[in-house]
Amino acid sequence: MTENSMNGHKLWGGRFENGVDPLMEKFNASIPLDKIMWAEDIEGSLAYAKELVAVKLLTKMEYESIVNGFTQVKQEWESNSFQLQPSDEDIHTANERRLTELIGDAGKKLHTGRSRNDQVATDVRLWLRKQIVHLVDVIKNVIDVISKRAEAEIDVLMPGYTHLQVCMTKVVLPVLINSIQYDVITYFMSSGLAN
């Protein structure tokens, strides 16, 4: 993160003579969407900081300062007191800006050798992993409802469809069971992709 980004200027704005149109600012900012990943961004940043210590790009003292700073940033997010700034394009710039406000220059070192694309990929993956875990309970409830419905409607027939056209009549039970299998397979495929 550059000095300009800490002072309210964009990370990428150094080559432009004029400011960016406010409409473009609004279009380019992802913070309204990706602020839900604030915890994952902190988690990924702490793991990255630990690796920076391992390769001696951060001192242990700087690392401890980053951990303490992010503890405060986390508390601000949890208490809804985190203040977003107009220069916060995304969750990464918001968290790093606040960290640097709290701990100074050590916060700027956190971005060493790390691209924003890497941060986005890491945050999205961590967030998805947590969301997929929550889906297990939803899928269990759906399976329970479908199973009960299938038992109650064991002899019920329904029209079958192929390419949006009515085809052979089907018994409801296998249709419901197939939908359960599809949900379970989709869950396991999604959880594998997020790891």
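Treat the numbers as computed from the prediction; the structure is a model and nothing was measured. Just the heavy atoms: all of them, side chains too, but no hydrogens, waters or symmetry mates, feed the values below.
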Quiz item: How about D90 and T93: does a side-chain donor come under 3.5 Å of a side-chain acceptor?
Solution: yes

Exercise. Check whether the side chains of Q119 and E96 place a donor and an acceptor atom closer than 3.5 Å, and report yes or no.
Key: yes

How many angstroms lie between [atom1] in [X] and [atom2] in [Y], if you round to the nearest 0.5 Å?
| X | Y | atom1 | atom2 | answer |
| --- | --- | --- | --- | --- |
| D118 | H92 | CG | NE2 | 9.5 Å |
| I42 | M37 | CD1 | CE | 12.5 Å |
| F70 | N95 | CZ | CG | 5.5 Å |
| R129 | R125 | CZ | CZ | 8.5 Å |

Practice problem: Please assess E89 against R116 for the test salt bridge (Lys or Arg N to Asp or Glu O under 4.0 Å), listing each intermediate value before the final yes or no. | Solution: CA-CA 11 Å; E89 292 178 48; R116 289 171 79 190; 3.6 Å; yes

Exercise. Start with the C-alpha gap between N141 and V145, add the side-chain angles, then the distance that decides, and say whether side-chain contact (heavy atoms from CB on, under 4.5 Å) holds.
Key: CA-CA 6 Å; N141 288 337; V145 168; 5.6 Å; no

So which heavy atom on [X] is nearest to which on [Y], and how close?
| X | Y | result |
| --- | --- | --- |
| A49 | L110 | CB-CD1, 3.7 Å |
| L57 | T112 | CD1-CG2, 4.1 Å |
| K35 | L84 | CD-CD1, 4.2 Å |
| K74 | W38 | CG-CZ3, 3.6 Å |
| G69 | I103 | CA-CG2, 3.9 Å |
| E40 | W127 | CG-N, 3.5 Å |

Determine, using the 4.5 Å side-chain heavy-atom cutoff (strictly less than), whether [X] and [Y] are members of one ILVMFWY cluster.
| X | Y | answer |
| --- | --- | --- |
| L99 | V53 | yes |
| V55 | L58 | yes |
| I91 | L128 | no |

Quiz item: Charged N to carboxylate O below 4.0 Å: is that the case for E101 and R98?
Solution: yes

Quiz item: Does E64 pair with K60 as a salt bridge, N-O distance under 4.0 Å?
Solution: no

Exercise. Could you tell me whether the side chain of D123 and the main chain of V120 form a donor-acceptor pair under 3.5 Å?
Key: no

Quiz item: Is there a donor-acceptor pair under 3.5 Å between the side chain of T59 and the backbone N or O of E62?
Solution: yes

Quiz item: Hey, does Q85 have a side-chain heavy atom less than 4.5 Å from the side chain of Q83?
Solution: yes

Quiz item: Should D34 and I31 count as side-chain neighbours, where that means a heavy-atom distance under 4.5 Å?
Solution: yes

Practice problem: Go through the structure and list residues passing ring-ring contact (aromatic ring centres under 6.0 Å, His included) with F82, not counting sequence neighbours. | Solution: W77

Self-check item: K130 atom NZ, over 12 foreign heavy atoms within 6.0 Å
Solution: yes

Self-check item: Candidate pair K109 and L52, rule side-chain contact (heavy atoms from CB on, under 4.5 Å), full reasoning
Solution: CA-CA 9 Å; K109 289 178 132 185; L52 288 177; 5.7 Å; no

